[in-house]
Amino acid sequence: MPRSVPVAITVNGSKTEREVEPRTLLVHFLREELDLTGVHIGCESTLCGACTVHLNGRAVKSCTVLAVQADGQDVTTIEGLAQDADALHPLQVGFWEKHGLQCGYCTPGMIMAAKQLLDDNPNPSEAEIREAIDGNICRCTGYQQIVDAVQHAAEAAGAA
Amino acid sequence: MTTFRPNSVGKPIKRREDPRLIRGLATYTDDVKLPRMTYAAFVRSDFAAGEIRSIDTTAAAARPGVVGVYTYADMDGQVGATPIGVAIPGMPDHPLLADGRVLYVGHPVAVVVAESPYAARDAAAAVEVDIEPREAVVDVEAAIAPDAPRVYDELDSNICLQVPAPNPEADKLFEQADQTLSIRLLNQRVAPFPMEGRATCAHWEEGPGKLTIWTSNQAPHSVKQQIAMCLGIPEIRIRAIAPEVGGGFGAKIPTYAEDALLCWVSRDLRRPVKWSETRTENLLGMTHGRGHVEKIDVAFQSDGRVLALKGQTIADIGAFRSFFGPFIALSTHTMSCGCYDIKAVAWETSSVFTNTMATEAYRGAGRPEAAYIIERVMDEVAAATGIDPVAVRRRNFISKDAFPHTTPSGATYDTGDYEKSLNRMIELAGYDEAREAQRRARDDGRLVGIGLATFTEVCGLGPSTGTAPQQRMGTWESATVRVEPSGNVTVYTGISPHGQGQETVFAQQVSDAFGVGLDDVVVVHGDTDQVQHGVGTFGSRGIAVGGAALDMALVKVHAKATRIAAHHLDAPVDQIGYEDGEFTVSGTDRKLTFRQVAEMAHLWNVNVPGEEPGLEAVARFEPSATTFPFGAHLCQVEIDPESGEIEIQRYVAVDDFGEVMNPMLADGQRLGGVVQGIGQAMWEEVQYDEGGQLLSGTLMDYAVPRAKRFPRMELDNTVTPTPINPLGAKGIGELGTIGATPCIVNAIVDALRPLGIDNVDMPAKPERIWRAIQAATAN
């Protein structure tokens, strides 16, 4: 059987330790080892963004990060944004209020990409939002209601 | 138009589906985990055509973690062929795995099953397949030539289906017409590209003798029927589940060979087996859409009136027949008149095999091709006559008083008011001002174009007469309404939504019928063991057929509730009134709430003479005919002559899809459809080289629309209800795609027309535009 190596990754605030094949991708680690199936696989090539998570607070596409590269670091997935239904992140609220999703497959990655935008730029213009999510593909919405969702979140965060 | 007084219906209610999706807690097929799970990987042909000389699985089978390697020889005689919806006599079946010959790049040759996905892929790479390649036929126009290499040696030609529809009346009108024009239009092959590719998990349980298949599909009831026929398992022993499904767009209607194979493998191994395709596999092996070449002749008068069309459709159906494949192109002829009063149409449709992946329904399925043709034609007639494109369209519209209207191509339109949507669009767009601004821009040497599309299309196909026995489905849809003793309601629907939002809209309908809250309703779909037999979600039928079935079931339950209320209120049924969840006796203060009646139905109902206990009804709605929504779109583009880059400056869409159930969700369908249509017009193209190698097998090579390419779309709608169903709603899922593609191309051609350019093939890539400009300015 293939050689295994230990990894210790803090995921959504909890430290997890596993033995994995060195080639294990972070997205597979999250989905298969930790059952964090909100992280989706859309292209295996960094081009669609469905697998976007935060690594030490920065959005990365977890289909082209090895689990061993995340060793000793912090990962946040969509499941880490809200502990329960009554405490949604403003972006989750925005996507819900503005119909920023249809089939929902791109949504976790889209929200995590948008989160980095709002972390960096709490009051983005429409053009800045479109630029920030340009690496995330949505095949259902045509993006306009996603833009509305991110604006809604920015306004809510600004009002808070 | 609605049966129950709209209170929730018609409002922009946010979706009931979303809480699980925005938290990453939904279960898509790849999220299903079962004990003793195995994982499949497919070995696929690298050649577009060839004979298999040998397959050596020894090394693969010996790899760590491998539990099975299968080729066609292992299942020969035990399984049927790849499911198809309609038989064509004499056409070869398509085996589940390549049977001695490969027909396209990506053709599954073997399947490897292992203890982990990584082990399965490693082992698949170790399967040695020796193929003697032969000459492939890739271009559909080349394939139709009598001396072309044949996809199937046993056939006389590559033509799978040919339907001529000559018309002497059209010939006569061509002789009488002031003018004629000819245009050749390409509707290139595109990839449906749902964000979730194909994924299937099959689980045979030997004890109960039961097969459960989770599959990312739009029509799980069809999956159940097709797997039963393919594997010879009685359908009563099959449960098909379409859990959360990440988009479909038509390509998840078929039951794929891979799906049936995994079921067979699971039964052979007596272990569950799961497969999720990679994106490259998706681009190779999920059905493609479009792939038409059309040659059109138009007879018209100098005043812009179009008299007759003669058309030829050559449809590339790829290497084998997908579920609806060869028949999709026929609707291009049927819808060729668009929303215009054209006197005669002659057509010939040929569905042709090539050594490429099969084509299938893709968001519109034959109608976008028709809209593309007739809307491009209208602009060319406008150019030839010197009349404004809006005026040409008005001159040809079917009058709003002329419905139902049967076209010479055989479609019967239910209702329409094309002037109404066009007028609203012109008002919203400020058409005259936009044209004036365009004139000024042209004077400055800028390439600014304005394009229009005024189109109609087909939703909620019906009736069921004419559907083929192999389909094991009609055009009807089903719904069960089950009222619990508490008065909470479960709806079981035969449609299988995957983003459209019927968990929300159906709850709105229930809320209006019974006065219960949206949180008191759960809508169950996509599980053949829970839901009565149904059909599925495709062809814009979710509301127009599925919602209509729900309305019928609600009427039945409401009637029974009224009878129970009458009994307990000690009043005749015709004295019982109902409003906002309360049954009352007219002229008295006696009343019962819907929830009280629900409880009585379950607990006290034995006292109601002639009534069974319980409060539940199942209904099936069979559409007597088809609905025809329509719309008027406008687009403004500017082209950079130095690079050929196109900027979309404005997009205005005024659609009419009858009554609106939830305007926010309707906007979502329209916005997404428009962007998908623009994707085809501007960027998307499945490309094979002349040897049949796929050139567009990754996202580096296949250009899906991204966020920053688009301006903010401007939307409005008009309301022309349909009498075909009790909701008055027509359907909306495919409308945006159908209107947007010709609208964009018309705008691009309009921008380039001063240079003498009168057509641009899709996708209108900068390179293509730049070359067209170079060629035109060199002359």
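Naming convention: chains lettered A, B, ... in sequence-line order (proteins, then strands); numbering from 1 in each chain.
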| said: When you compare the side chain of B/Glu17 with that of A/Leu101, does any pair of heavy atoms fall below 4.5 Å? | reply: no
(request) Report yes if the side chains of A/Asp35 and B/Asp31 come closer than 4.5 Å at any heavy-atom pair, otherwise no. (result) no
Before accepting this row, confirm whether a basic side-chain N of the pair B/Arg712/A/Glu126 lies closer than 4.0 Å to the acidic partner's carboxylate O. yes
Rounded to the nearest 0.5 Å, the SG atom of A/Cys140 sits from the NE2 atom of B/His498 at a distance of 8.0 Å
**Study point:** Student check: side-chain heavy atoms of A/Arg139 and B/Gln676 closer than 4.5 Å
**Key:** yes
Interatomic distance, CD@A/Glu97 vs NZ@B/Lys14, rounded to 0.5 Å, equals 3.5 Å
When rounded to the nearest 0.5 Å, the distance separating CG of B/Asp667 from NZ of A/Lys98 is 11.0 Å
Any A/Leu47 side-chain heavy atom under 4.5 Å of B/Arg706 side chain: yes
Exercise for the section: Please work out whether the ring planes of B/Phe710 and A/Tyr143 are parallel, tilted or perpendicular, with thresholds of 30° and 60°. Expected result: parallel
In this structure, NZ of B/Lys33 is separated from CD of A/Glu32 (nearest 0.5 Å) by 4.5 Å
Counting C-beta onward and ignoring hydrogens, is there a side-chain heavy-atom pair between B/Ile22 and A/Leu88 closer than 4.5 Å? yes
- Taking 4.0 angstrom as the limit, do B/Arg709 and A/Asp134 come out as a salt bridge? no
When the 4.5 angstrom heavy-atom criterion is applied to A/Glu128 and chain B, the contacting part is neither
Validation row: B/Leu21, A/Trp96 side chains within 4.5 angstrom (heavy atoms): no
CD of A/Glu44 to OG1 of B/Thr278, rounded to nearest 0.5 Å, is 5.0 Å
Check: Does A/Cys48 reach the side chain of B/Met195, with side-chain heavy atoms less than 4.5 Å apart?
Finding: yes
Answer key: most heavy-atom pairs under 4.5 Å with chain A among B/Pro497, B/Gly24, B/Ala707 is B/Ala707
So, the part of A/Gln92 with a heavy atom under 4.5 Å from chain B: the answer is both
| Taking the side chain as C-beta and beyond, is there a heavy-atom pair between A/Leu81 and B/Arg23 under 4.5 Å? | no
